[in-house]
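A quick write-up on the structure given underneath.
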Amino acid sequence: MYRAKEQGKNNVITYNSNIEQRIIDKLTFEVELRNAIENDELVLYYQPQIDLETKEIVGAEALLRWNHPTLGLIFPGDIIPFAEEMGMADELGEWVLQNACHQLKYWQDSGFPSLKVAVNISPQDFLKNGLVERVKQVLEMTKLEPKSLELEITESMTMDVNHAITILENLNELGVQIAIDDFGIGYSSLNYLKNFPIHHLKIDRSFVNDILNDQNDVKIISAIVSLAHGLNLDVIAEGVETKEQADFLSNLHCDQVQGYYYSKPVKPGEFEEILRLGFMKHE
Ligand code: C2E
Ligand code: CA
Ligand code: CA
């Protein structure tokens, strides 16, 4: 019955053992995920964000991983959708936010005061009430300056314009930064760029992938950069895997980059090492 309801009203689903297995999987997953939070099996990996002009690391995107005791490392694509289905998006979101803010505060206090952290917000979390209050509490608890925290949302989350504008304005009042993630592949209303209090556009990596071969991608990126700069927004390109791509993006006046060319997402200890090496290089 629940499976049928999930797929919308007036649906008929026939019972079979796969469904039974799915229900068991879901229940196991829910229990395991709750335990994972308590047993410190969840980890945030960090991927550096680099300023193309200064070549300095200016921030890090926090990306969720689950060190599962028997299944090994599980990636967010296999965690977030289930967590949303189980109604655990807010619990997970809170864990991510608290950990990312704590970690950043620690790094700021240990010699990298201007570093920022970007945290992904799940669609369900964005739609529910409570996000703004949670962000406020975590900032107070960790004593992190609001401007050091960037929240990444996607275009599709802004489809309910009235809801989005209220949440974004409240977040903006707290002083946190907002980035539109995966920009260019979702529902796009250019109107919201004008009306929403946002600070960064993150160009989706599908445009960056083929930038050296596909003239259309070049034109799209170039248009996104001038549109963003015209509106006083910074542009960050994700999925940069080669030096050539980085140079090309620099020529297109992209502000920041992120991708395997610089570093894969890494554990906090490794990120700290990269930070120290990066800064030593510029001393
Ligand atoms: P995203 O926000 O678009 O994050 C970028 C994804 O691209 C990450 O995958 C990252 O590992 C990968 N990536 C980074 N650089 C490169 C590159 O140069 N080449 C390629 N091919 N890939 C690159 P990951 O960590 O598996 O995360 C997947 C998605 O899961 C994220 O996409 C984000 O939407 C979501 N996610 C991750 N962490 C969280 C979280 O804490 N909360 C929520 N709600 N969602 C999260
Ligand atoms: Ca992201
Ligand atoms: Ca993205």
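Note: hydrogens, waters and symmetry copies are ignored here, and every other heavy atom, side chains too, is used. Here the structure is a predicted model, which is why all the values come from computation and not from measurement. Atoms within each ligand, like the ligands themselves, are counted from 1 in listed order.
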Does E241 come within less than 4.0 Å of R205, counting only side-chain N to carboxylate O? no
Heavy atoms under 4.0 Å from ligand 1: which residues qualify? Q47, E61, L63, L64, R65, F75, P76, I80, V96, N120, I121, S122, D181, D182, R205, E238, G239, V240, E241, G259, Y260, P265
For a quick check under 3.5 Å, do D255 and H229 share a side-chain donor-acceptor pair by atom type? yes
May I have all residue pairs that pass side chain to side chain donor-acceptor pair (under 3.5 Å) and include part of residues 258-267, sequence neighbours excluded? Q47-Q258, Q49-Q258, E61-Q258, K202-Q258
Pairing donors with acceptors under 3.5 angstrom, does anything connect the side chains of T142 and Q98? no
SB check D51 K55 (cutoff 4.0 Å): no
Are H200 and E152 close enough that a side-chain donor and a side-chain acceptor fall under 3.5 Å? no
Determine, using ring centers only, whether F75 and W66 are less than 6.0 Å apart. no
So, E30 and R34, do they make that salt bridge, N to O below 4.0 Å? yes
Scan for side chain to side chain donor-acceptor pair (under 3.5 Å) pairs involving residues 159-182, sequence neighbours excluded, and state none if there are none. none
Using 3.0 Å as the cut-off, count the protein N, O or S atoms closer than that to the Ca ion (ligand 2). 4
